[in-house]
Amino acid sequence: MTETGLRPSPISATVDFAAEGVQHGFLRLPYSRDDSAWGSVMVPITVVRNGEGPTALLTGGNHGDEYEGPIALFDLARTLRAEEVRGAVIIVPAMNYPAFLAGTRTSPIDRGNMNRSFPGRPDGTVTEKIADYFQRVLLPMADLVLDFHSGGKTLDFLPFCAAHIVPNKQQEAQAFQFVTAFAAPFSMKMLEIDAVGMYDTAAEEMGKIFITTELGGGGTATARSAAIAKRGTINVLRHAGIVGGAVDTGPTTWLDMPDGRCFSFAEEGGLIEPIVDLGEAVAKDDVIACIHPTGRTGEAPREIRAAMDGILCARHFPGLVKSGDCVGVVAVVTN
């Protein structure tokens with residue numbers, strides 16, 4: 001046991017986080033399974049360090065079916081040179097590596113949702129062990145955390161970078177400065193349905209500057225969404241002073257999710273018909289989607305209405321919806 005009362009992490013890094021230069025390696029987690037008694041989960045990691053300066057922790061694949069982050073970060077890990085850096089950049093393109101390889105939101109090993117598993121456990125499931133390593137080893141090293149998300153297979157979003165309202169207003173202000181620097185087409189003051197167990201919450205409670213994204217969805221990436229992720233990553237590193245050069249700014253529309261009225265949920269399952277597309281304006285009580293019963297013909301659809309004025313910033317992606325699914329999200333334009 002350590003002085004914190006927790007067992008040491010079973011994960012070992014094949015990189016030296018204090019060493020200068022560029023290192024490509026793995027976070028190796030022993031994992032005994034049917035096809036490999038002494039096997040391991042090998043999570044790719046890159047560390048680029050050069051001299052004194054802040055440390056950025058860049059992560060993707062927190063959910064395994066979201067691809068803009070892995071695209072941008074595998075590319076950055078390949079191309080970033082030590083002489084371009086002042087400080088350190090830690091790059092983990094696929095945090096929940098088993099989920100990433102399976103193309104699923106949660107891990108195929110333990111069904112663990114990485115973004116609901118913090119602070120993790122060193123003696124828990126595979127997902128909890130990875131979360132524990134981030135909680136106790138990687139997050140404490142970081143000054144800045146950028147964690148990429150998109151809608152995965154079940155949601156589709158307007159492309160935005162986001163930060164949260166936090167008790168420390170200086171920390172909050174710095175986070176929104178980084179959101180501005182990311183320069184996505186949309187910038188969001190984001191509300192979470194359930195922040196318990198989130199990587200975001202773990203980082204913010206440590207006082208770290210934390211920003212995130214939602215850059216599309218449908219279980220794929222597009223040329224546009226990948227380009228937004230790549231440009232935004234470099235912009236964040238430039239704003240932090242870790243990489244030289246001017247931030248590549250562009251127009252952004254600021255959005256706010258003020259309260260739970262933003263979210264609309266299905267109370268019955270069925271065939272979903274979108275009535276409003278992403279980015280379109282809606283007024284309170286406008287129909288944003290219809291859910292057609294599929295058990296028999298001749299039944300009237302259930303109308304899903306907006307609870308507030310704004311624009312549609314997220315929607316359910318698959319053609320069929322289940323009771324309890326989020327059907328749409330409305331955000332308020334603030335600029």
Contact check, side chains of [X] and [Y], non-hydrogen atoms, under 4.5 Å:
X	Y	result
Y97	P44	yes
W254	K189	no
M114	F134	no
V243	L80	yes
E268	S323	no
V276	D286	no
P122	R136	yes
V329	L155	no

Subject >> Results of salt bridge (Lys or Arg N to Asp or Glu O under 4.0 Å) for E66 - residues two or more places apart only >> reply: R105

**OP:** Sequence neighbours left out, what passes salt bridge (Lys or Arg N to Asp or Glu O under 4.0 Å) with R78? Give chain and number order.
**Re:** D75

[X] and [Y]: which non-hydrogen atoms are nearest, and at how many Å?
X	Y	answer
S107	D110	CB-OD1, 3.3 Å
L271	T294	N-CG2, 3.7 Å
P293	P301	CD-CA, 4.0 Å
G216	D156	C-OD1, 3.3 Å
A226	E68	N-CG, 4.1 Å
G124	K129	O-CE, 3.0 Å

Let me confirm one number: the [atom1]-[atom2] distance from [X] to [Y], rounded to the nearest 0.5 Å.
X	Y	atom1	atom2	result
N115	D147	CG	CG	6.5 Å
L29	S40	CG	OG	7.5 Å
I288	R315	CD1	CZ	11.5 Å
L57	I90	CG	CD1	5.5 Å
L215	T222	CG	OG1	9.0 Å
L255	S187	CG	OG	8.0 Å

Original post:
Yes or no on side chain to side chain contact (heavy atoms under 4.5 Å, CB included) for T154 and D325, after CA distance, side-chain angles and deciding distance?
Top reply: CA-CA 9 Å; T154 63; D325 286 352; over 6 Å; no

Is the side chain of [X] donor-acceptor paired with the backbone N or O of [Y] at a distance under 3.5 Å, no angle test?
X	Y	answer
K169	V166	yes
E84	G244	no
N96	G61	no
T233	A229	yes
N335	T253	no
D65	K153	yes
E20	G51	yes
N50	A82	yes
D132	S9	no
T213	H149	yes

[X], [atom1]: over 12 other non-hydrogen atoms inside 6.0 angstrom:
X	atom1	value
R111	CZ	yes
E83	CD	yes
D34	CG	no

Original post:
Checking side-chain contact (heavy atoms from CB on, under 4.5 Å) against L76, which of L237, T46, I71, V48 comes through?
Top reply: L237

**OP:** List the steps, then state whether side chain to side chain contact (heavy atoms under 4.5 Å, CB included) holds for T55 with F17.
**Re:** CA-CA 11 Å; T55 295; F17 292 104; over 6 Å; no

**OP:** Test side chain to side chain contact (heavy atoms under 4.5 Å, CB included) on I11 and I130 and set out the steps.
**Re:** CA-CA 8 Å; I11 293 176; I130 297 172; 4.3 Å; yes

Same cluster or not: are [X] and [Y] linked, directly or through other Ile, Leu, Val, Met, Phe, Trp or Tyr residues, by side-chain heavy atoms under 4.5 angstrom apart?
X	Y	result
I228	M188	no
V85	I91	yes
M206	Y133	yes
I209	I165	yes
V15	L138	yes

Original post:
So F210 and H164, would you call those rings parallel, tilted or perpendicular, with 30° and 60° as cut-offs?
Top reply: parallel

Original post:
Can you list the other members of the hydrophobic cluster that holds M42, where links are side-chain heavy atoms under 4.5 angstrom apart?
Top reply: F26

Subject >> N113 vs H63, side chain to side chain contact (heavy atoms under 4.5 Å, CB included): CA-CA, chis, key distance, verdict >> reply: CA-CA 7 Å; N113 181 339; H63 296 130; 2.9 Å; yes

